[in-house]
**Student:** 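Take a look at the following structure, please.
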There are 2 protein chains.
Amino acid sequence: MIPKLTDEPRIFEVVVRLFVLHGYEGATTKEIARAAGVNEATLFRKYGSKAELFERAINYQWSDVPIGKVSYSGDLEADLRSIVDAYLETSLLHGAIVPMLLTELSQRRDLETAFSVAWANIGVVVEIMVRYQSQGLLQAEDPLLTLSALLGPIMVTHMFRRAGLGLPLPEVDAEDHVRSFLDGRRPDRPRVI
Amino acid sequence: MIPKLTDEPRIFEVVVRLFVLHGYEGATTKEIARAAGVNEATLFRKYGSKAELFERAINYQWSDVPIGKVSYSGDLEADLRSIVDAYLETSLLHGAIVPMLLTELSQRRDLETAFSVAWANIGVVVEIMVRYQSQGLLQAEDPLLTLSALLGPIMVTHMFRRAGLGLPLPEVDAEDHVRSFLDGRRPDRPRVI
DNA sequence: AGCATAGGCAAGCGTTGACTTGCAATCCAG
DNA sequence: CTGGATTGCAAGTCAACGCTTGCCTATGCT
């Protein structure tokens, strides 16, 4: 048995929180150590490098995120709502983690492995999309495009809000959003049941 | 007359290019100087600081961007296409500049002024949305939500592609996208004319 | 031609970031 | 209780970044 004195979950939580807040470069190891209540040297003894620390932390946090728990039920609208709800809940937990990861990933390739668990979660959602497409209930297209169409508006709304331009942007209503996704944004039109 | 020897447009172009590529911190003044063919000291003599240089450069580039030239025509679908086309064209010129700006803006407030021209451009588009909403041709909602719904999917698709996960994501087709935006993603449904 | 100005060049300053190291204190297992 | 592993602490290394400075050259205007 290896004695565990440090509170690793707390470290990982701090890492992700500061990563979302300040980005990879902006989240310094000193600040992480201070916020997690451990010594900076401990971080390097345990994880070797900042990149490895972030990899462990991000994968750890993603393995328990609501979006990984969505499953196929046969009810298209309900499943889309579940996906949207899960994304909103994930955003509540970890802020703008998805756009932040995508942005940083386009700059530093060494964070690619930090994306693996998140990517697996996305894969689950994509599978659901594909099933509904093959049943003819959703437009046939690259399922990642479908997912972008479903979550993109929410992500961008959050990005606008977080940009702090003084915009009182309302939170997206999951039900309205799924309806708009399915039936479009023309008003006063009989809904297709 | 002040003699102008340095090629300012070239500097500004380099700044924006490296900013989109590596982010604010990642785009070092040394690399900018080298890529622009000027001496690093010149940058500081002319612009005082990195932040001011970026402010000037980003505002300069945004003042000539396609998305600022969209105008109201009375034809909803055509105008939406113009907006989408303008965004796609802007992305072709400057890559992921919008998500990058939004991400960086949430971290460094001193870049807020670098967003002013971009923000004015967005304002023009928002005005168009508001007009169509008041005519009852678009769902009544916060116009920035409408804009996010229209451009969000495209932005996110680009972010996925740029994240370099080896995904052969197809480019969004402007016409398809506007149709889906207006009429939704349920297939085999008679379109509302 | 003459002069003010701008830019190139090279060296350097101060700070900060990731990462290391040696030592003492502490913890757990056997 | 004892030994081996883990952490805290403090100091420090090294590189990079933003930014400055002094000097010299080149330019363009009058």
Side-chain angles (χ1 to χ4, degrees), chain A residues 1-58 60 100 103-105 107-114, chain B residues 1-58 60 100 104 107-114:
Chain A
M1 278 292 164
I2 300 154
K4 243 194 198 168
L5 303 169
T6 49
D7 187 356
E8 287 204 274
R10 183 177 176 195
I11 294 178
F12 293 160
E13 184 236 323
V14 166
V15 169
V16 171
R17 203 180 71 224
L18 294 182
F19 170 71
V20 169
L21 227 53
H22 304 128
Y24 182 80
E25 302 217 32
T28 69
T29 52
K30 287 192 211 305
E31 194 185 355
I32 290 166
R34 197 171 41 77
V38 299
N39 195 275
E40 194 186 359
T42 305
L43 294 180
F44 288 99
R45 279 195 271 247
K46 285 181 83 74
Y47 309 106
S49 72
K50 182 180 178 179
E52 275 182 61
L53 167 61
F54 274 62
E55 184 186 322
R56 298 265 314 257
I58 293 173
Y60 177 86
M100 188 60 96
T103 302
E104 295 278 357
L105 209 58
Q107 298 173 32
R108 17 189 81 260
R109 299 315 295 270
D110 53 321
L111 253 74
E112 200 170 346
T113 49
Chain B
M1 278 292 169
I2 300 157
K4 244 194 195 166
L5 303 168
T6 48
D7 187 356
E8 287 205 273
R10 183 176 176 195
I11 295 178
F12 293 159
E13 184 237 321
V14 166
V15 169
V16 171
R17 205 181 69 226
L18 294 181
F19 169 72
V20 168
L21 227 56
H22 304 128
Y24 181 80
E25 303 217 31
T28 70
T29 52
K30 288 192 211 302
E31 194 186 355
I32 290 166
R34 198 171 41 76
V38 299
N39 196 273
E40 194 186 1
T42 303
L43 294 180
F44 288 98
R45 277 195 271 248
K46 286 180 82 74
Y47 308 107
S49 72
K50 183 181 178 178
E52 274 182 61
L53 166 62
F54 273 62
E55 185 186 322
R56 298 265 313 258
I58 293 174
Y60 176 87
M100 187 59 97
E104 296 278 357
Q107 299 172 31
R108 20 190 78 259
R109 300 314 298 269
D110 53 321
L111 254 78
E112 200 170 345
T113 50

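Since the structure is predicted, the reported quantities are computational estimates derived from the model, not experimental observations. Order of the sequence lines fixes the chain letters, A, B, ..., with proteins taken first and strands second; residue numbering starts at 1 for each chain. Only heavy atoms go into these numbers, but all of them, side chains included; no hydrogens, no water, no symmetry mates.
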**Student:** Residues two or more places apart in sequence or in another chain: which of them pass salt bridge (charged side-chain N to carboxylate O under 4.0 Å, His left out) with A:E31?
**Tutor:** none
**Student:** Calculate the interatomic distance between A:F44 atom CZ and D:dC9 atom P; express it in whole Å.
**Tutor:**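 Those two atoms, CZ and P, are 17 Å apart.
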**Student:** Near DNA chain C, counting only heavy atoms under 4.0 Å, which residues of residues 12-25 of chain B show up?
**Tutor:**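 DNA chain C contact set from residues 12-25 of chain B: none.
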**Student:** I need the B:E8 CD to B:K46 NZ distance, nearest 0.5 Å.
**Tutor:** 4.5 Å
**Student:** If the condition is salt bridge (charged side-chain N to carboxylate O under 4.0 Å, His left out), which residues does A:E52 pass it with, not counting sequence neighbours?
**Tutor:**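 In terms of salt bridge (charged side-chain N to carboxylate O under 4.0 Å, His left out), with neighbours along the sequence ignored, A:E52 is linked to no residue.
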**Student:** Considering just the side-chain nitrogens and oxygens of A:T42, establish if one lies under 4.0 Å of OP1 or OP2 belonging to D:dT7.
**Tutor:**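 The answer is no; no side-chain N or O of A:T42 sits under 4.0 Å from OP1 or OP2.
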**Student:** Going by the rule side chain to side chain donor-acceptor pair (under 3.5 Å), which residues pair with B:R108 if we only count those two or more places apart in sequence or in a different chain?
**Tutor:** B:E25
**Student:** Expressed as a whole number of angstroms, how long is the span from A:L43:CG to D:dT7:P?
**Tutor:**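 Interatomic distance, CG of A:L43 to P of D:dT7: 10 Å.
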**Student:** How would you list, by chain and number, every residue that makes a salt bridge (charged side-chain N to carboxylate O under 4.0 Å, His left out) with B:E104, sequence neighbours excluded?
**Tutor:**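 B:E104: no salt bridge (charged side-chain N to carboxylate O under 4.0 Å, His left out) contacts found.
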**Student:** Tell me whether the OP1 or OP2 atom of D:dC17 has a side-chain N or O from B:K50 closer than 4.0 Å.
**Tutor:** no
**Student:** Just the rounded figure in Å: distance from P of C:dG17 to CZ of A:F54.
**Tutor:** 13 Å
**Student:** Could you identify which residues of residues 30-40 of chain B place a heavy atom less than 4.0 Å from some atom of DNA chain D, listed by residue number, or say none?
**Tutor:**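 DNA chain D contact set from residues 30-40 of chain B: B:K30, B:E40.
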**Student:** Given the rule in the side chain to side chain contact (heavy atoms under 4.5 Å, CB included) test, do A:F54 and A:D110 qualify, once you have shown the distances and angles that lead to the verdict?
**Tutor:** CA-CA 10 Å; A:F54 274 62; A:D110 53 321; over 6 Å; no
**Student:** I'd like to check the side chain to side chain donor-acceptor pair (under 3.5 Å) partners of B:T42; sequence neighbours left out, ordered by chain and number.
**Tutor:**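 Applying side chain to side chain donor-acceptor pair (under 3.5 Å) to B:T42 gives none.
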**Student:** Whole-Å distance between C:dA18 P and A:E52 CD?
**Tutor:** 15 Å
**Student:** About how many Å separate OG1 of A:T28 and CD of A:E40, when rounded to the nearest 0.5 Å?
**Tutor:**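 OG1 of A:T28 is found 7.5 Å from CD of A:E40.
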**Student:** Rounded to the nearest Å, what distance is computed from the CD atom of residue B:E8 to the C1' atom of nucleotide C:dG7?
**Tutor:** 13 Å
**Student:** Mind checking salt bridge (charged side-chain N to carboxylate O under 4.0 Å, His left out) for A:E13 and listing every partner two or more places apart, or none if nothing turns up?
**Tutor:**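 A:E13: salt bridge (charged side-chain N to carboxylate O under 4.0 Å, His left out) contacts with A:R17.
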**Student:** What distance separates A:N39 CG from A:K30 NZ, expressed to the nearest 0.5 Å?
**Tutor:** 10.0 Å
**Student:** So which protein N/O to nucleotides 22-25 of chain C N/O distances come out below 3.5 Å?
**Tutor:**
{"from": "C:dG22", "atom 1": "O6", "to": "A:R45", "atom 2": "NH1", "distance (Å)": "3.2"}

**Student:** Mind checking the CD1-CZ spacing from A:I58 to A:F19? Nearest 0.5 Å is all I need.
**Tutor:** 4.5 Å
**Student:** State which residues pass ring-ring contact (aromatic ring centres under 6.0 Å, His included) with B:F12; sequence neighbours excluded, sorted by chain then number.
**Tutor:**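 With sequence neighbours excluded, B:F12 shows a ring-ring contact (aromatic ring centres under 6.0 Å, His included) to B:Y47, B:Y60, given in chain and number order.
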**Student:** Using the side chain to side chain donor-acceptor pair (under 3.5 Å) criterion, which residues pair with A:T113? Sequence neighbours excluded.
**Tutor:**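 Residues passing side chain to side chain donor-acceptor pair (under 3.5 Å) with A:T113: A:E55.
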**Student:** How bent is the helix from C:dA1-D:dT30 to C:dC27-D:dG4, measuring the angle between the end axes built from five pairs each, rounded to 10°?
**Tutor:** 20°
